Novice: 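One structure follows; several queries about it will come next.
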Amino acid sequence: MDQPIDINRKEVRMPTNKTGLARVLRSDAKGLLIGAALLVALFTVASILVDGFASANNIRSILLLAAFLGLASLGQTMVATIGGLDLSIPFVIGASNILLAYLFGTSVPAPLALLIIAVMGAAIGFLNGVLSYKIQGQALILTLGVGFAVVGGAQIFTTLGSQYSGTVFSQVPAWFSNIASISGTTFGLQFPPVIAIWMLVAFTLIYWINRTKSGRAIYAIGGNRTAAARLRISEFRTWVSTYTISGLTAAITGCLLLGFSGGGFVGVGDPYLFTTVAAVVVGGTSLLGGSGGYGATIIGVLVLQVLTSFLVGMGLNYAAQQTVFGLLILPMVALYARSPHIRYQI
Amino acid sequence: MPAISLQNIAKSFGETRALAGASLHCELGEIHAIVGENGSGKSTLAKIISGVALPDAGKVDVLGHAPTTPAEAIAAGISTIYQEIMVAEELTVWENTFAGTDGLWRRKTTTAEKKRLARETLLRLAEVDIDPDTPVSALPLSVKQWIVIARAVLQKPKLLIFDESSAALDLEATNRLHKEMLALKEAGSCVLLVTHRIAELVKITDSATVLSDGKTVGRLEKSEITEKNLLRLMSADERHSAAGKRENSVISTAHKPALEACNVQLAANAWPLDFKVHAGEIVGIAGLDGAGQSEFVSILAGITPAPAGKVQVWGASTVSHEITSLADAEAAGITYVSGDRKKEGLFPNLSILENFGLALYDRMASRFGVIDRTQLSAAFDDEELRLSIKYGDRSDKITTLSGGNQQKVLIARAFALSPKVIILNDPARGVDIGTKQDLYTHLRDFASNGGAVVYLSTEIEEFLNFADRADVFFEGGIFASFDQGAITEDNLLAAMFGQTKPIVFDEDTGTEGVA
Amino acid sequence: MLSNRLSHLWVPLGLVLILGIMAAVRAPQTFTYVGLAGALLVAAPLILAAVAITPIAIAGRGGVDLSIGPLIGFVNVTIVVWLSENGITHPILVFAYAILAACAWQMLLAAFIIFVRISPIIASLAGFMILQGVNLVILSRPGGVAPEWLGNWGWGTELLSPVLYILLAAFAIWFLFQRTAMFQHIRLMGADERTAYTSGVDIIKARFAAHLMAGVFAGLAALCLTGLIGSGDPTQGNTLTLQAITALVLGGTSLAGGKGGITGSVLGAVAMYLVFVVLSSFNFGAISGFMTQLLYGLMLVFALLVALVTTAPRTRAA
Amino acid sequence: MRKGIATSLVVVSAMLLGTAANAEGLDELPAELAAAYEGVDEGQPIKASAYREWTPRSEPPWKIGYASSYAGNTWRAEGLKRLTQELFPVYKDAGLVEDIVVTQSDLNDARQIQQMRQLVDQGVDAIIVCCSNPVALNKAVEYAYSKGVVVFSYSGYLTSEKALNASSNYTLGGYEIAKAMIEEVGGKGNFLLVSGIAGAASSESFDTGAKRALEEFPDAKLVGQVWGNWTDQVAQTEVQKFLATNPTKIDGIIAQGSQETGVLKAVLQSGRDVMPISLAGSAGAACYLKNNPDWISHAFQIWPPGDEMELGFNSVIRTLQNQGPKVQSILRGVYRVPSEEYVSGLSADCSVDSTEYIQPGIDVWFPDDKAAGYFLRPSDPLEWKAASN
C-alpha cells in the first residue's frame with residue numbers, strides 16, 4: 001500500500017511469490033492433503049506390521065465398514081458445515097434398523113418398507129432442523145433429545161407387536177442382504193454393492209455441493225449467515241434441509257446395516273455417536289461451519305477405518321482404539337480449526 | 001513526562017498493512033487527537049496503545065509501559081473506550097459498569113456500593129436514572145455507550161482513549177462527554193481521541209496527530225488545528241476533487257423516480273418519511289448513529305419491510321411495484337452493498353470468485369441448479385477489468401485480500417447484477433483512498449449511464465463534490481435535504497445534530513465544564 | 001429484577017414440583033427418611049456431575065464438558081485400582097487424590113482450550129474418547145473393592161450421611177465461590193469474552209478457575225459414585241456425560257455462556273432422578289427401559305423449547 | 001493391563017473366599033449336585049446361605065420385582081417372556097404370586113440400584129436381578145435384606161452374603177465347552193473366544209473356565225477374543241472385524257451362548273470354510289448344523305434363557321416359602337448333547353435366521369427332585385401351602 005495504486009491499470013495482480021504447495025497449505029485443501037498423507041502412511045505401516053493387511057479380503061472389509069461410517073457421517077458433515085451437530089444419527093440408525101426388520105416381517109413389500117423408513121428418517125431430520133433452528137447453539141442437546149425419543153418410540157412400537165424388545169428378527173430378502181454383506185457381489189464382482197452405492201452417493205453429493213446453487217448455499221450459510229440472507233439464501237431452509245438429509249442418510253445407513261447383519265438390533269447405531277463427529281473432524285471439516293466438505297470426510301472415514309483395522313490387527317481392543325481416536329482428533333483440530341487469538345477478534 | 005510516545009510503529013494483519021511508520025507523542029494534561037480518514041490505521045494505533053494489538057516493529061512507551069494485554073494497560077492506568085460498544089448484553093448494568101475492576105479473587109468494592117456508584121455515575125453522565133440490575137440488552141444503544149464510558153471513567157485513568165466513541169450520542173450528550181474529557185484533563189490525565197469528525201475536535205483538542213495510509217503525516221498543535229490543515233494533511237481535498245467529475249451528471253427528474261419511499265415510518269410513532277431517487281442521481285444519506293438512516297436504507301433495499309408506508313419502484317408503465325422483501329428488490333433491480341463486510345457482505349470461508357458469484361447463481365444455473373462456471377468466469381472477467389481488483393488467484397480465499405480489495409469484490413458483485421439502483425451502506429469503511437476513488441468513479445459512471453445511487457456514509461466529507469443531494473437524518477426522520485451546492489460539512493453536521501444553522505461544539509457547556 | 005436473574009429456574013423448578021408430586025403419589029416411600037437417604041445416595045453422582053460442568057458452561061464458548069463422565073469414571077477406577085489395591089485407603093488421602101486427579105485433568109483440558117485454542121466441545125470430545133479407553137485399560141471390567149469407609153456410603157439408610165455432607169460442602173464451596181470476584185469474571189467472560197478481555201479480566205486465569213471448580217466437583221462426584229457402587233467400573237462414568245448435560249440444560253444454564261448456576265443444575269438432576277422414580281413406579285414390563293428413553297428425550301426437547309419461549313422476548317430486545 | 005485384572009481378581013477372591021474353603025452349605029448337598037460346583041468361579045460365593053431360616057415380610061400372594069439391566073436382545077427377552085407370560089399366570093393361579101414388576105436400567109448401575117431400592121420400598125417380597133457387575137449392587141441387596149426382601153441373581157452372581165444366585169456353573173461350562181471344542185478339532189490349533197459383556201459376572205466366569213481348558217492343551221492357541229454382548233448382531237460385527245483383519249487360520253471358535261448364530265453368519269460372510277463353533281442353544285446356528293450334520297459333533301446346554309429364568313424363579317418361590325436354600329449359589333452343571341439329539345426338534349425347513357432357543361425344558365434343567373437337593377425343607381413350590389408353615 002506504499003505505492004499509490006494505478007487505477008488505470010486494467011489488471012493488477014499480486015506477485016505470485018508463493019509456491020503451489022504453500023498455497024495449498026493455506027487453503028482448505030490442507031486438511032484433505034494431510035488426511036490423505038496420514039491415510040497413506042497408516043496403510044503402509046499397517047501393511048508392513050500386520051500380515052495380510054493389504055489382502056483383498058481385508059481391504060474389502062475396510063471399505064465395507066467405511067461405507068457404513070461414510071454414509072452415517074454424510075449428514076454429520078453437512079450439518080457441521082452450517083455450524084450444527086446432529087447427535088440423533090446413531091439413534092435414527094438404530095430405530096430404522098429395527099423398524100425395517102419389523103416391516104420385513106409384515107406383509108409390506110420390501111421396496112415400500114425401505115421407502116417408509118427413508119421417509120421416516122427424513123421426517124425426523126426435518127423435525128430436528130425445525131426444532132433446533134431457533135436454538136442453534138443447543139442443537140447438540142436437542143438432537144440428542146429427539147434421538148432418545150425416536151429410539152424409545154421405535155422400540156416400544158416393535159415390542160408391542162412382539163415379545164422381543166430392541167431386537168427384531170425377520171427374514172431379510174436375499175437381494176437386500178447381498179447389498180451390504182461382505183460376501184455380496186456387484187454385477188458378479190467380488191465386492192458388496194454398498195461400497196459402490198457409497199461411492200455413487202459421495203460422487204453425487206460432492207458434485208451437488210460444488211456445482212449447484214443449493215449446494216453452495218450450505219457454505220454460504222456456514223460462512224456468514226447475514227451475508228447469505230442479503231443474497232436471499234434462506235438460513236431456515238438450508239438449516240432444515242441439511243438436517244433432513246442427515247436424518248435421511250442415517251435412516252439409509254440403518255437399513256443397510258440390517259442387510260449387513262441380517263437381524264434388527266437397536267444398538268447398531270451406538271458406535272456412530274461420536275465416531276461420525278470424529279470422522280468429520282479428522283477429515284478436516286471444522287465444526288464451526290463453513291469449511292471442509294464430504295471429500296474431506298471420506299478421507300476421515302478411511303483414516304478411522306484403516307486405523308481401527310490396524311489397531312485390531314495389532315491386538316488392541318476397543319478401549320485402546322478409542323484412546324487412539326481421541327489422541328488423533330486433537331492434532332487434527334489443532335491443524336485447521338483453531339480459533340484466532342482473542343486480540344484479533346476486537 | 002510524556003503520556004504516550006510511539007515511534008515508527010508498523011503492524012500488518014495478514015495481507016493488510018495497517019500501520020507503516022506511525023509515530024505519536026502526547027503529554028499528560030492534554031487532549032490529543034488521532035485524525036485520519038477511515039482505513040488510515042488510527043484504530044489500530046489506539047489498539048496498540050491499549051494493549052489489544054501488538055506492534056510488529058517500533059517503540060511503544062505509554063505511561064512508561066509497553067502494554068501487551070488490555071489488562072496490563074488498565075493496570076498502568078490506561079482505559080479505552082473501543083469503537084465497538086463492549087458490553088455483555090446478558091449481564092446487568094452494574095456488572096457491566098464494574099467489569100474487570102475487581103481483583104482476581106477479591107472484590108474491591110461491595111456489590112451494593114457498585115450498584116450505587118453505577119446508578120450515580122450513569123445519572124451524572126447519561127442523565128437517566130437506571131436500575132443497576134437491569135440487563136444491558138434491554139437498554140438503548142446510547143445508554144450502553146454511556147455504560148462503557150462510565151466503566152472507563154470510574155477507573156480514574158491517567159490515559160483515556162476514545163476510539164470514535166461518540167457516534168451513538170446526540171449533541172447534548174456529546175457536549176457532556178466533552179465536559180467529562182475536560183475534567184479528566186484538568187485532573188492531569190491525558191485524553192486520546194480517535195476520530196474522523198473534524199469539526200468536533202477542532203474545539204476541544206490541544207494537539208493532533210494526523211495519519212494517512214498507516215503513516216504519521218503530521219502533528220498539529222492547538223493553534224494549527226483547523227479544518228483546512230486537517231483536510232490538507234489527510235489529503236482529503238485531492239481525493240474529493242478527483243472524484244468530483246459532476247459535469248456529466250444527467251438526472252432525469254422528468255420521469256418517475258427510480259426508487260421512491262412514501263410515508264415510511266421507521267417506528268410506530270416516527271415521522272413519516274418521503275424519499276425519492278431518480279435515475280442518474282447520487283443521493284447521500286447521513287446522520288449520527290441511531291438516527292434511523294441505517295434502518296431506512298435497509299427498508300429501501302428490501303432487507304426489512306417498512307413498519308408503515310411503502311417503498312416502490314415504477315415499471316416501464318405507470319404501474320408501481322412495492323418493495324417489501326429482498327426478492328422484490330432483486331426483481332426491481334435494486335442491489336445493496338454493505339460497508340460492514342465482515343457482518344453482512346463477505347463469506348470468509350469462500351474464494352474470491354465465489355464471493356463474487358454467489359449473487360449470480362440464480363441467473364447462471366441450469367434448470368437443475370447446476371452452475372454455469374464458464375458464464376460465471378466471464379462475468380468475473382468483466383467486473384475485474386472494470387474494478388481493477390488486485391488478487392493472486394481467483395480461487396484464493398477472499399480473506400487473502402486487503403480490505404479495499406474485498407470491498408471491490410463486493411461492489412463488483414453488485415455491479416454484475418446489472419442493477420438499476422445501488423444502495424450502499426457506508427461502503428468506504430476501512431478502505432484505502434485508491435479504492436475510494438475507484439468507487440466514486442464507478443458510481444458516477446453508473447449514474448451517468450442511468451443508474452440511481454443511494455449512498456449512506458458516516459464520513460460526510462465523502463459527499464462533498466460527489467453527491468447530487470444529501471439527506472440528513474435526525475431522530476428517526478429526514479431532518480434536512482441539501483442540494484449539490486449546499487452540501488458542506490458545516491451544513492450537514494448541523495443537521496445531523498438537529499440544528500438548522502452550523503453549530504459550534506461546546507458553545508456553552510464546554511466552558512462551564514472547565515470552570 | 002431479581003426475578004430476571006432467576007427466571008431460568010422456573011422450568012426446572014416446575015419440573016421438579018410436578019415430578020415430585022407424581023413421585024409422592026406413585027411412590028410415597030421416596031419421601032420417607034430412608035427413601036430420601038437412598039435418593040440422596042443414588043442421585044449424588046449425577047447432581048455433582050451436573051454441578052461440575054456448570055462453571056464450564058458459564059465460562060462460555062459453547063463450553064460443554066463431554067469428558068466429565070469418563071473423568072468421574074477415571075477417578076473411580078483409579079481409586080479402586082491404584083489406591084485401594086495398594087493399601088492407600090485413608091480418607092484424607094483418597095479425598096485429596098480424587099479432587100487433585102480430577103482437577104489435574106481439567107487443567108489439562110483448559111490448557112488445550114486456552115493455548116491451542118480449539119473449541120471446548122472438541123477438546124472434551126477427544127478427552128471423552130481418550131479417558132474412556134484409558135479407564136478400560138486401567139480396569140478392563142467392573143470389579144475391585146472401594147475402601148471400606150467409602151463402600152459403606154452405599155447403605156443409604158441414613159440421611160445424615162457423608163454423601164449429604166459432601167453435597168452440602170459442594171453447595172458451600174459454590175456459595176463461597178459465587179461471592180468471589182472470580183465468579184463475576186467467569187460470568188462476564190462467558191457472556192462476552194471480548195468485553196471481559198478488554199476490560200482487563202485475566203481470561204486465561206478465569207477459564208482455568210472455571211475448570212478448576214469443575215475438577216473439584218468432579219472429584220466429589222467420583223467419590224460419591226465409588227461409594228454408591230462400592231467398586232470400580234470403567235464404563236459407569238461414561239453414561240454420566242449425557243445425563244449431566246441434560247441436567248444442566250434442564251436447569252436452564254445456557255450453553256452459550258454467562259448465565260445460570262448450580263441451583264438450576266441441581267434441580268435438573270433432581271428432576272431426572274424423579275423421572276426414573278416415577279417411571280419405575282409404573283409396571284411397563286418389557287418396554288419400561290424404552291419408556292424411560294422416550295420420556296427422557298421428550299423432556300429434553302420440551303425443556304429446550306420452553307426455555308426458548310420464555311427467553312425469546314429478551315433475545316429480541318437485544 | 002492383564003496384570004491389573006489379575007491382581008484385582010486375587011484381591012476380590014481372597015476376600016470372598018476367606019471362609020468359603022470348606023463351605024458348610026456345600027457339604028449338605030447331595031454328591032451329584034455338589035459335582036456341579038467343581039471349578040466354580042473364585043468370585044462366586046458358595047457359602048451357606050443367609051436364608052436358611054428366613055421368612056418373607058408378607059404372606060402370599062407375593063409381589064416379585066424383576067430389576068433387569070437391559071432388554072434389547074433375544075435371550076433377555078426370552079427370559080422375560082418365560083417370567084411374565086408363562087410362569088406368572090401359573091403362580092398367580094396358585095395364589096402364590098400377585099404381581100411381577102419389571103424395571104430396566106439400561107446398563108446403568110446407579111439406576112438399577114435406585115430401582116431395586118424402589119422395588120423394596122414399594123413392597124415387593126423378592127427381587128430377581130439380571131446380569132450386572134458382581135459388586136455394585138451389594139449394598140442395595142443388603143438394604144433389601146434388611147427390609148425382609150430376598151434378592152436373587154439370574155444369569156450371573158452377586159458377591160453379597162445376602163444375595164442368592166441361581167444359574168449354571170459358567171466356569172465349568174466355559175471349561176467344558178472349550179475343552180470339547182479343542183478336542184473336536186484334534187487337540188490343537190488356533191482358537192477365537194467370543195465372550196459376552198466385559199465385566200458381567202457370567203461372561204467373566206465362562207472365560208475363566210475356557211482359558212483354563214486352553215491351558216491344558218499346549219498346542220491350542222488363543223489367537224483372539226472379542227465381545228459379542230450375547231447379541232447376534234454385535235457378535236457378528238465383532239467377529240467379522242476380527243476375521244477380516246486376522247488372516248491366520250482359525251480352527252475353532254469358542255463362543256458363549258446366545259450369539260453363535262451371529263458368529264456363524266460372520267464366518268459365512270467372510271468366505272472362509274466354516275470351522276466348528278461352540279453351540280449353546282441358539283436355534284439359528286442349530287439349523288445350520290441340521291443342514292450340515294458333519295459340522296460339529298456336539299452342542300451344550302449352558303444357558304437356556306427361559307429355563308434359567310425358571311430355575312431362578314422356582315428358587316425364589318422356594319425361598320419365600322422358607323424351604324431354606326442351603327448355599328448362596330444354586331448351581332447346576334452344564335450339559336452336553338450329541339448333535340443329532342440337539343437338532344432333532346428342529347423342523348426340516350428351519351431357518352438360520354431363527355431367534356428361537358433350543359431349551360432342554362425345566363424338567364431336564366431343574367427337575368423337582370434335583371431342586372429339592374438344594375433346599376433344607378424342600379417341597380413342590382406349587383403344592384406348598386402357607387398354612388403348613
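Below, chain A is the first sequence line, B the second, and so on; all start at residue 1. Quick note: numbers below take in every heavy atom, side chains included, and nothing from hydrogens, waters or symmetry partners. This one's a predicted model, so the numbers in the text were calculated from it and none came from an experiment.
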Novice: Using the rule given for side-chain contact (heavy atoms from CB on, under 4.5 Å), can you reason through A:T323 versus C:M129, listing the C-alpha separation, both sets of side-chain angles and the distance that settles it, and then say yes or no?
Specialist: CA-CA 5 Å; A:T323 305; C:M129 294 174 116; over 6 Å; no
Novice: Give, as side chain, backbone, both or neither, the part of C:M299 having an atom under 4.5 angstrom from any heavy atom of chain A.
Specialist: neither
Novice: Listed by residue number, which members of residues 198-207 of chain C have a heavy atom under 4.5 Å from any heavy atom of chain A?
Specialist: C:T198, C:I203
Novice: For C:L294, is it the side chain, the backbone, both or neither that has a heavy atom under 4.5 Å from a heavy atom of chain A?
Specialist: both
Novice: Which bit of A:L85 is near chain C, if near means a heavy-atom gap under 4.5 Å: side chain, backbone, both or neither?
Specialist: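 For A:L85, side-chain heavy atoms alone lie under 4.5 Å from chain C.
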Novice: Heavy-atom count check: over 12 atoms from other residues, nucleotides or ligands less than 6.0 Å from A:F126 CZ?
Specialist: no
Novice: So what's closer than 4.5 Å to chain A heavy atoms on C:L125: side chain, backbone, both or neither?
Specialist: side chain
Novice: For atom OH of A:Y344, decide whether the heavy atoms of other residues, nucleotides or ligands shown that lie under 6.0 angstrom number more than 12.
Specialist: no
Novice: For C:Y273, give me all partners under ring-ring contact (aromatic ring centres under 6.0 Å, His included), at least two apart in sequence or on another chain.
Specialist: none
Novice: Quick check on the interface: out of A:H341, A:R343, A:Q321, who has the most heavy-atom pairs with chain C under 4.5 Å?
Specialist: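 Of A:H341, A:R343, A:Q321, A:H341 has the most heavy-atom pairs under 4.5 Å with chain C.
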Novice: Would you call the rings of A:F148 and C:Y296 parallel, tilted or perpendicular if under 30° counts as parallel and over 60° as perpendicular?
Specialist: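 Correct class here is tilted.
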Novice: Show the nearest heavy-atom pair for residues A:G326 and C:A126, with the distance to one decimal.
Specialist: O-CB, 3.5 Å
Novice: Quick one: what part of C:L295 sits under 4.5 Å from any heavy atom of chain A, side chain, backbone, both or neither?
Specialist: neither
Novice: Might you work through the side-chain contact (heavy atoms from CB on, under 4.5 Å) test for A:Q322 and C:F128, ending with a clear yes or no?
Specialist: CA-CA 9 Å; A:Q322 291 291 303; C:F128 179 97; 5.6 Å; no
Novice: Which region of A:L328, side chain (C-beta onward) or backbone (N, CA, C, O), has a non-hydrogen atom less than 4.5 Å from a non-hydrogen atom of chain C, or is it both or neither?
Specialist: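 Neither; nothing under 4.5 Å.
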Novice: Report which part of C:F302 has an atom under 4.5 Å of a heavy atom belonging to chain A: side chain, backbone, both, or neither.
Specialist: neither
Novice: Looking at CD1 of A:I156 and CZ of C:F290, how far apart are the two atoms once the value is rounded to the nearest 0.5 Å?
Specialist: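 One gets 8.0 Å once the value is rounded to the nearest 0.5 Å.
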Novice: Apply side-chain contact (heavy atoms from CB on, under 4.5 Å) to C:I130 and A:L327, showing your working.
Specialist: CA-CA 7 Å; C:I130 292 169; A:L327 289 172; 3.5 Å; yes
Novice: Check ring-ring contact (aromatic ring centres under 6.0 Å, His included) between C:F112 and all other residues, then give those that pass, not counting sequence neighbours.
Specialist: none
Novice: Can you tell if the side chain of A:L140 reaches within under 4.5 Å of the side chain of C:I121, non-hydrogen atoms only?
Specialist: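 Result yes, sub-4.5 Å side-chain heavy-atom pair found.
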Novice: Under a 4.5 Å heavy-atom cutoff, which of C:L131, C:N135, C:V301, C:L304 has the most pairs with chain A?
Specialist: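 Heavy-atom pair counts peak at C:L304.
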Novice: Give me the contact list for residues 245-252 of chain C versus chain A, heavy atoms only, anything under 4.5 Å, ordered by residue number.
Specialist: C:I245, C:V249
